[in-house]
Amino acid sequence: MEKGEEKTLFLPSQEVVNQANVKEYDQLYLYSLDQPEAFWAEQAEQLSWYKKWDKVLDKSDPPFFKWFEGAKTNIILNAIDRHQSSATRNKLAVIWEGEPGDSRTYSYHALNREVSQFANILKSMGVKKGDVVTIYMPQIPEQLFAMLACAKIGAAHSVVYGGFSHEALADRINDANSRVVITADGGYRRGKVVEMKSVVNKAMELSPTMEICITVKRTGIDVYMENDRDYWYHDLKSLPIASSKCETEVMDSSDMLFLLYTSGSTGKPKALVHTHGGYSVYTASTHKMVFDIKPEDRYWCAADPGWITGHSYIVYGPLINGSTIMLYEGAPNHPYPDRWWKMVEKYGINILYTSPTAIRGLMRFGDSWPNRNDISSLRLLGSVGEPINAEAWNWFHKVVGRGKCPIMDTWWQTETGGFVIAPLPITPLKPGSATKPFFGNDLAVVDDAGKEVPNGEEGTLVIKTPWPGMAKSVFNDPQRFIETYWEKYKKQGWYHTGDSAKKDEDGYFWIIGRNDDVIKVSGYRLGSAEIEGVMARHPAIAESAAIALPHNLKGNAIHITAVLRSNYKPSKELEHELMVHMEEHLGKIARPEAIQFADVLPKTRSGKIMRRLLKSRALGLPDGDLSTMEE
Ligand code: WTA
């Protein structure tokens with residue numbers, strides 16, 4: 001952010017204000033903090049329930065908060081079932097376009113049929129309530145159907161991002177004890193087929209619990225299928241078991257809806273657990289209020305369903321709100337840099353939600369690409385995943401939004417389930433600030449002792465109050481949930497976000513970035529521990545340290561300092577080999593920007609790698625406190 005830029009205020013137009021779902025923030029925010037249970041009960045009243053709650057919030061066992069205790073529900077009741085009896089039944093639920101240009105649409109009625117069929121197929125494979133089904137797929141409608149089908153029968157889905165390697169996939173299958181995986185032969189990306197079933201085959205060899213694989217035919221490439229283990233989806237769908245009638249399983253509010261693996265500072269990726277009740281209420285109300293959803297809207301969240309943004313704001317929030325959602329399979333610049341803008345025009349998209357990396361990526365092709373398409377249907381824009389720099393904000397606002405569309409810069413995390421800091425369309429905007437807390441969230445920027453730092457100074461962002469979208473725990477590891485998020489401010493009972501932030505004199509929050517060893521590359525979340533673990537599998541590596549350094553396009557890029565085993569010598573070739581190793585064994589997004597060789601890594605006396613020191617040295621900043629460093 002340039003100096004002085006923070007002062008620029010973008011006021012909403014009268015038109016935006018007139019049609020806003022929420023016309024006033026301050027009073028409602030105060031009310032939501034003052035009477036959170038009443039506020040959230042009012043939100044929950046807008047959804048359907050099999051049985052309503054006895055208690056809005058059960059705080060008896062912190063940090064394991066339970067929302068809507070005693071209630072019976074299933075997210076599918078709200079995302080699909082309740083739309084069947086109303087006029088929404090014939091409304092488009094999904095508009096999908098494949099990268100080669102093929103397209104399909106589904107009404108809410110058709111969505112129900114597809115999901116019910118998939119659900120019956122899963123049941124016939126012995127999947128039942130409480131099981132975990134792994135999903136590793138391209139961005140095709142069946143990915144959505146698979147997720148929703150799991151939820152419908154009370155099984156939890158664990159979607160693994162399609163860019164991860166077979167080893168990363170196997171780690172996640174094994175941690176979740178998953179028996180069934182759903183995949184496709186492949187998908188299209190930049191005009192090429194990306195193989196997926198072959199990756200799953202390799203992962204299955206490393207996964208003793210894996211019994212069944214269901215494969216959707218997307219590309220028609222040759223794939224290896226094994227008897228009694230592998231089934232084509234279209235074959236199963238043609239059998240009588242795949243009936244289009246399926247009862248939705250009645251769940252407790254805090255029953256598990258899905259697992260989503262995410263990287264932290266230490267150890268292997270952990271799975272956050274989200275639930276049916278609280279998550280339904282939170283995703284629906286945040287989506288409706290922040291994106292000002294109207295029944296006639298066509299809404300496009302251009303994230304990948306493999307990450308939390310896709311779960312909350314492609315799939316669940318929008319479907320609960322009965323929106324028409326857009327889904328696109330491929331690259332934003334294929335075959336030309338106006339692929340997105342063409343689809344905005346073709347389908348009449350009103351709301352576009354994406355990441356700063358995607359915006360910067362499209363910005364570099366210039367204004368003529370959006371300008372040659374009629375994108376005047378756009379009413380609101382959104383950004384997520386990393387701080388947005390002023391240049392990207394201004395381009396998005398001026399060129400894509402034609403100076404008229406407010407930009408909803410939404411700050412949140414896999415753990416939070418939904419927006420925690422975000423503007424409403426009526427909020428005056430400051431480029432680069434996610435603005436103010438969403439209703440019901442009490443936030444502060446504090447020092448290590450938990451004391452609030454003065455306005456304008458950097459500190460740690462904490463959330464002081466529970467909110468319905470919060471993860472319930474870490475799958476099979478409640479201790480890790482406590483240690484990672486609740487230990488640091490245990491005395492106060494606050495949630496530690498892991499982000500550094502500032503608050504300005506107007507109460508606006510400015511996110512600076514992670515203050516732990518989580519690395520956000522192009523908005524994708526990776527952990528230094530997982531990167532270093534995969535590095536260590538290469539025979540040349542004794543040990544290594546991964547840090548994030550600023551990058552023009554990606555926001556951050558991975559930089560690795562590596563110590564070689566004694567029989568290896570640093571070379572350009574080895575550096576290249578290690579980069580390819582990272583791509584193959586973790587995924588393309590994990591390819592380091594640079595690898596530097598060193599004789600030793602700086603460590604504390606207790607043996608912890610001082611990544612902070614590597615980072616400040618790479619940035620030419622002062623070393624800071626070195627008192628804990630080993631000799
Ligand atoms: C970062 C993504 C600045 C932040 C939804 C957070 C952001 C991490 C923003 C979570 C934003 C997300 N401005 N930073 N609007 N949104 N972040 O779990 O560092 O993939 O802690 O969830 O992304 O990443 P995750």
Side-chain angles (χ1 to χ4, degrees), residues 1 159-161 163-164 258-265 269-272 274 279 282-283 286-287 290 301-317 353-360 381-390 392-393 396 407-423 427 429-438 443 445 458 460-463 469-471 474 484-485 495-503 508-527 530 548 550 554-556 589:
M1 186 75 39
V159 181
V160 178
Y161 168 61
F164 275 128
F258 65 82
L259 305 185
L260 193 56
Y261 281 86
T262 192
S263 309
S265 342
K270 55 186 179 292
L272 273 317
H274 281 285
Y279 180 83
Y282 201 69
T283 53
T286 47
H287 179 250
V290 173
C301 167
D304 188 297
W307 304 88
I308 191 70
T309 306
H311 283 59
S312 301
Y313 298 110
I314 295 178
V315 185
Y316 290 114
Y353 182 34
T354 183
S355 67
T357 290
I359 298 163
R360 288 190 292 264
L381 302 172
S383 171
V384 62
E386 34 173 339
I388 180 165
N389 50 311
W393 197 98
F396 201 34
I407 298 177
M408 303 296 105
D409 179 357
T410 61
W411 177 90
W412 59 295
Q413 308 177 304
T414 307
E415 293 83 349
T416 70
F419 310 150
V420 172
I421 308 177
T427 309
L429 303 174
K430 301 184 187 187
S433 167
T435 75
K436 299 196 175 185
F438 186 77
L443 303 180
V445 178
E458 185 173 341
T460 298
L461 183 67
V462 295
I463 310 179
M470 66 200 307
V474 168
T484 314
Y485 307 107
Y495 170 82
H496 176 214
T497 63
D499 275 20
S500 291
K502 290 181 192 173
K503 189 166 134 179
Y508 280 52
F509 287 84
W510 298 79
I511 305 296
I512 295 160
R514 300 291 308 189
N515 60 16
D516 55 9
D517 299 318
V518 167
I519 300 182
K520 296 285 292 192
V521 194
S522 305
Y524 294 130
R525 179 164 165 180
L526 294 168
E530 192 175 27
K554 302 176 184 170
N556 289 296
I589 51 165

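Predicted model only: the values in this text are computed from it and were never measured. Nothing fancy with the numbering, it's 1 onward along the sequence. Indexing begins at 1, ligand by ligand and atom by atom, following the structure's order.
Of all the atoms in ligand 1, the ones that sit under 4.0 Å from a non-hydrogen atom of P387 are 3 (C), 13 (N), 14 (N). Heavy-atom proximity to T309, at under 4.0 Å, picks out these atoms of ligand 1: 5 (C).
With distances taken over non-hydrogen atoms, the option nearest atom 9 (C) of ligand 1 out of A303, G523, G385, G310 is G385. When I511, T410, V384 are checked for heavy-atom proximity to atom 11 (C) of ligand 1, T410 turns out nearest. The heavy atom nearest to atom 21 (O) of ligand 1, considering only E415, R525, H311, R514, is found in R514.
Judged purely by distance below 3.5 Å, without hydrogens or angles, the side chains of Y485 and T497 never pair a donor atom with an acceptor atom.
Ligand 1 has no atom lying under 4.0 Å from any heavy atom of W307.
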### Query
Should L260 and W307 be marked as a side-chain contact (heavy atoms from CB on, under 4.5 Å) after you check the CA-CA gap, both sets of side-chain angles, and the distance that decides it?
CA-CA 8 Å; L260 193 56; W307 304 88; 5.6 Å; no
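Looking at T309, its side chain never comes within 3.5 Å of a backbone N or O of A303 through a donor-acceptor pair.
Of the protein's heavy atoms, D499 OD2, 3.4 Å lies nearest to atom 6 (C) of ligand 1. Nearest protein heavy-atom contact of atom 24 (O) of ligand 1 is K520 NZ, 2.6 Å.
The distance criterion of under 3.5 Å between nitrogen or oxygen atoms is not met by T497 with respect to ligand 1.
Using a 4.5 Å heavy-atom threshold, the side chains of N556 and Y524 count as separate.
Between Y353 and Y313, the angle of the ring planes goes over 60°, which puts this pair in the perpendicular group of the 30/60° scheme. A tilted orientation is assigned to the rings of F258 and H311, their planes being inclined by 30° to 60°.
At a threshold of 4.0 Å, the pair R525-E530 does not count as salt-bridged, since none of the basic side-chain nitrogens sits closer than that to a carboxylate oxygen.
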